[in-house]
Amino acid sequence: MSLSPVTVIWVGVFCLFGIGLYGLLAVRNLIKVIVALQILVKMAMLALVAASYSVDKLALGQSLAVMVMVADTIVAVIGLALAVQVQQRLGTLDIVELSRLRK
Amino acid sequence: MLYVVLILGLVICAIFAVRAKQMLTAVLWLIGTSAVLSVLFYIMGACRLAVIELSVGAGLIAVLFVFAISIASDEPVTLSSLVPRPLAWVFVVLAVGFTAWRVLPTGGSMVPVNGCVESTVLWHERSLDTLIQVFLIFAGVIGMLGLLSGSRKRPPVGLEAEGDEL
């Protein structure tokens with residue numbers, strides 16, 4: 001049985017989705033949460049390109065993926081700046097401890 | 001076969017990025033994920049997106065992460081999981097299964113694509129989105145400058161007073 005390239009790519013998309021979601025659910029470090037978020041965004045970009053490739057509209061998929069990439073970069077910048085601020089002011093990057101501090 | 005190898009590399013890099021104990025190691029695996037993804041984009045015909053992904057995903061983002069880790073210290077992550085791991089796996093399997101069920105019927109056969117004309121789409125058909133992105137970039141830069149400018153440590157009040165007396 002031979003798999004078509006589209007099927008292989010969609011399997012990769014679902015694997016990346018599972019890995020990113022698991023990272024968001026299981027990781028407690030703020031910077032690693034941003035790493036997991038990056039993996040989820042890469043999954044979204046791959047899904048956009050794969051879907052547009054399937055229907056012969058690669059230009060639309062590329063433009064959408066570029067926009068997702070820009071937004072993702074801004075999210076990473078703001079998230080990392082927040083992580084640095086939190087580390088400097090509160091001395092921890094543990095999400096659970098930060099939730100306790102709020103109370 | 002090439003697609004299978006690339007997707008395997010992509011998934012392995014992503015798994016190690018999430019599971020690495022050291023944050024710097026996690027970032028290195030994330031760079032590997034970006035590099036493999038850009039190769040995949042190039043093979044699929046999205047040549048410009050591949051270049052942007054390689055320069056932004058594996059370059060700019062990596063520099064930002066290393067900068068943040070160098071300030072926030074790279075201590076090994078030995079914390080327990082946020083939610084119980086079996087519960088996390090149940091959520092993951094449910095979410096992936098549901099998404100696959102909703103998405104997979106739309107996956108058609110791969111069609112050869114001619115050239116890259118995404119600039120036409122970007123500037124003529126989606127110009128409003130592009131304008132919004134420009135404002136978003138400015139907002140991100142200003143937000144980051146504001147956040148980082150607040151990180152200068154001010155001397156305690158008592159020390160300031162002593163300094164004035166001296």
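Chain letters run A, B, ... following the sequence lines, proteins first, then strands; residues in each count from 1.
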Between the CD1 atom in A:Ile9 and the OH atom in B:Tyr3, the distance rounded to the nearest 0.5 Å is 5.5 Å
Here the gap from A:Thr7 atom OG1 to B:Ile7 atom CD1, rounded to the nearest 0.5 Å, amounts to 11.0 Å
In short, A:Ala65 meets B:Leu49 closest at the heavy-atom pair CB-CD2, 3.5 Å
Bottom line for A:Leu30: the part with an atom under 4.5 Å from chain B's heavy atoms is neither
Same cluster or not: A:Leu40 versus A:Val66, using hydrophobic residues (I, L, V, M, F, W, Y) connected whenever any side-chain heavy atoms lie under 4.5 Å apart? yes
Treating Ile, Leu, Val, Met, Phe, Trp and Tyr as nodes and any side-chain heavy-atom pair under 4.5 angstrom as an edge, say whether B:Leu64 and B:Leu54 lie in one connected cluster. no
Which pairs of donor and acceptor atoms, one on a side chain in residues 33-41 of chain B, lie under 3.5 Å apart (sequence neighbours left out)?
| unit_1 | atom_1 | unit_2 | atom_2 | d |
| --- | --- | --- | --- | --- |
| B:Thr33 | OG1 | B:Trp29 | O | 2.9 |
| B:Ser34 | OG | A:Lys42 | NZ | 2.8 |
| B:Ser34 | OG | B:Glu53 | OE2 | 3.1 |
| B:Ser38 | OG | B:Ser34 | O | 3.4 |
| B:Ser38 | OG | B:Ala35 | O | 2.6 |

In this structure, CD1 of B:Ile15 is separated from CD1 of A:Ile19 (nearest 0.5 Å) by 4.0 Å
Interface check, chain B: of A:Ile34, A:Val49, A:Val13, most non-hydrogen pairs under 4.5 Å belong to A:Val49
**OP:** Check the hydrophobic clustering (I, L, V, M, F, W, Y; side-chain heavy atoms under 4.5 Å; chains of links allowed) and say if A:Val33 and A:Leu16 are grouped together.
**Re:** yes
Cut-off 4.5 Å, heavy atoms of chain B, and the answer for A:Ala47 is neither
Greatest number of non-hydrogen atom pairs under 4.5 angstrom with chain A, of B:Val18, B:Val56, B:Ile52, B:Leu60, falls to B:Val18
Q. Going only through I, L, V, M, F, W and Y residues with side-chain contacts under 4.5 Å, is there a path from B:Leu8 to B:Ile31?
A. yes
Between the CG atom in A:Leu46 and the CG atom in B:Leu10, the distance rounded to the nearest 0.5 Å is 6.5 Å
Is there a side-chain contact (heavy atoms from CB on, under 4.5 Å) between B:Phe65 and A:Val35? Walk through the geometry before answering. CA-CA 9 Å; B:Phe65 268 105; A:Val35 170; 3.7 Å; yes
By side-chain contact (heavy atoms from CB on, under 4.5 Å), B:Leu2 pairs with (sequence neighbours left out) B:Leu6, B:Ile43
Between the CG atom in A:Leu58 and the CZ atom in B:Arg48, the distance rounded to the nearest 0.5 Å is 11.0 Å
Cut-off 4.5 Å, heavy atoms of chain B, and the answer for A:Met45 is both
Separation between CG (A:Asp72) and CD1 (B:Ile61), nearest 0.5 Å, reads 5.5 Å
Heavy-atom nearest pair, A:Lys32 first then B:Ala26, reads CE-CB, 4.2 Å
Of all heavy-atom pairs linking A:Cys15 and B:Val11, the shortest is CB-CG2, 3.6 Å
Turns out that what part of A:Ala76 lies under 4.5 Å from chain B's heavy atoms comes down to side chain
For the pair A:Tyr53 (side chain) and B:Met44 (backbone), establish whether a donor and an acceptor sit closer than 3.5 Å, ignoring hydrogens and angles.
-> yes
Heavy-atom closest pair (A:Gln62 atom, B:Gly45 atom, distance to 0.1 Å) is NE2-O, 4.4 Å
Smallest heavy-atom separation, A:Ile39 atom then B:Ala17 atom, equals CD1-CB, 4.0 Å
Under 4.5 Å between side-chain heavy atoms, hopping through other hydrophobics if needed: is there a path connecting B:Val5 to B:Phe16? no
